[in-house]
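Residue numbers begin at 1 in each chain, while the letters A, B, ... track the order of the sequences.
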Amino acid sequence: AQKVTQAQTEISVVEKEDVTLDCVYETRDTTYYLFWYKQPPSGELVFLIRRNSFDEQNEISGRYSWNFQKSTSSFNFTITASQVVDSAVYFCALSEARDSGYALNFGKGTSLLVTP
Amino acid sequence: DVKVTQSSRYLVKRTGEKVFLECVQDMDHENMFWYRQDPGLGLRLIYFSYDVKMKEKGDIPEGYSVSREKKERFSLILESASTNQTSMYLCASSLFVGSGTQYFGPGTRLLVL
């Protein structure tokens with residue numbers, strides 16, 4: 001079975017610190033997709049990024065960056081110069097083939113608290 | 001922008017009641033999903049549908065059923081609500097199977113007394 005592990009349950013940082021959220025996945029598929037979502041206190045999951053298994057280029061979007069390494073089955077997410085508004089639960093997910101379609105297999109999430 | 005809406009943000013029901021949770025998306029997406037989210041357990045897939053009138057069981061379908069009569073609407077039904085179904089319910093939709101990004105609604109917090 002495919003699996004996503006987010007070993008960090010909770011992280012607390014002070015504003016302006018950099019923080020990295022870890023994600024390790026397991027899959028036997030050669031083609032797969034990885035995702036990161038943010039869930040602020042309001043509850044709605046917000047899509048951040050999608051990566052396919054053939055694209056190992058790192059991605060940067062403003063203060064956010066993602067490091068995808070197939071050799072270690074990791075897809076880590078770094079926030080540079082964190083801000084209070086980054087406080088949320090972050091989920092890593094793997095697109096998983098089922099018998100009749102695809103669905104996302106989510107990690108259990110990392111709760112990030114950024115304090116002033 | 002993709003818009004996924006859910007009929008209620010908060011719902012309180014009594015044990016044994018039949019409960020309907022409605023989800024509507026406005027982007028003509030083929031695929032729709034229902035998850036529940038519980039502390040320490042993350043998101044777990046209940047049911048999904050990749051076409052009108054089609055449905056597939058997810059990881060925890062027991063106690064739930066679904067209905068997809070129209071492409072834009074996916075309903076989750078609790079035939080006889082129980083206290084262990086108190087949870088946050090999240091609906092999502094995606095255009096493509098597999099690679100498709102799932103877009104989520106705001107969620108429904110259901111309390112079963």
Side-chain angles (χ1 to χ4, degrees), chain A residues 1-10 21 23-25 27 29-55 59 61 66 75 88-111, chain B residues 1-6 8-11 23 27 29-51 53-61 66 68 87-110:
Chain A
Q2 305 193 60
K3 192 173 154 184
V4 177
T5 301
Q6 295 180 255
Q8 305 146 310
T9 306
E10 294 180 354
L21 310 182
C23 174
V24 175
Y25 62 92
T27 181
D29 294 345
T30 53
T31 301
Y32 52 90
Y33 297 84
L34 293 160
F35 301 80
W36 275 96
Y37 285 86
K38 173 182 180 180
Q39 186 177 40
S42 60
E44 185 169 346
L45 264 78
V46 177
F47 165 71
L48 295 178
I49 191 170
R50 181 186 77 184
R51 252 305 176 251
N52 73 54
S53 52
F54 297 108
D55 183 0
E59 174 108 2
S61 176
W66 290 269
F75 186 40
V89 181
Y90 292 86
F91 291 93
C92 180
L94 171 68
S95 182
E96 176 184 25
R98 304 288 180 113
D99 288 341
S100 302
Y102 283 78
L104 288 180
N105 191 356
F106 284 85
K108 294 187 178 177
T110 297
S111 178
Chain B
D1 280 351
V2 176
K3 187 77 173 175
V4 180
T5 57
Q6 295 183 229
S8 306
R9 289 302 301 270
Y10 301 95
L11 212 49
C23 176
M27 286 302 291
H29 283 177
E30 302 289 337
N31 310 288
M32 297 188 75
F33 307 82
W34 275 107
Y35 296 86
R36 66 177 280 177
Q37 182 180 11
D38 301 288
L41 297 178
L43 276 79
R44 293 179 292 167
L45 181 66
I46 305 172
Y47 268 96
F48 64 104
S49 167
Y50 53 90
D51 201 353
K53 296 194 185 292
M54 305 298 287
K55 60 183 179 184
E56 295 294 333
K57 292 180 179 179
D59 298 317
I60 50 165
V66 291
R68 189 140 181 229
S87 186
M88 170 75 134
Y89 290 88
L90 291 158
C91 174
S93 71
S94 71
L95 181 58
F96 299 114
V97 170
S99 64
T101 297
Q102 290 187 24
Y103 296 93
F104 284 81
T108 296
R109 289 193 182 275
L110 173 66

Taking the six-membered ring for Trp, are A:F106 and A:F91 parallel (under 30°), tilted (30 to 60°) or perpendicular (over 60°)?
perpendicular
Pairs in or reaching into residues 40-49 of chain B: which pass side chain to side chain donor-acceptor pair (under 3.5 Å), with residues at least two apart or in two chains?
B:D38-B:R44, B:S49-B:R68
Is it the backbone or the side chain of B:L90 that comes under 4.5 Å from a heavy atom of chain A, or both, or neither?
side chain
So, the part of B:Q37 with a heavy atom under 4.5 Å from chain A: the answer is side chain
Of all residues at least two apart in sequence or in a different chain, which pass the side-chain hydrogen bond (donor to acceptor under 3.5 Å, both in side chains) check with A:E59?
A:R51
Under 4.5 Å from a heavy atom of chain B, the part of A:Q6 involved
neither
Shortest non-hydrogen contact from B:Q6 to B:P106?
OE1-N, 3.8 Å
Which of the residues B:F33, B:Y35, B:F104 is involved in the greatest number of heavy-atom pairs with chain A at under 4.5 angstrom?
B:F104
Using 30° and 60° as the class boundaries, would you call the ring planes of A:F75 and A:W36 parallel, tilted or perpendicular?
tilted
So, the part of B:M54 with a heavy atom under 4.5 Å from chain A: the answer is neither
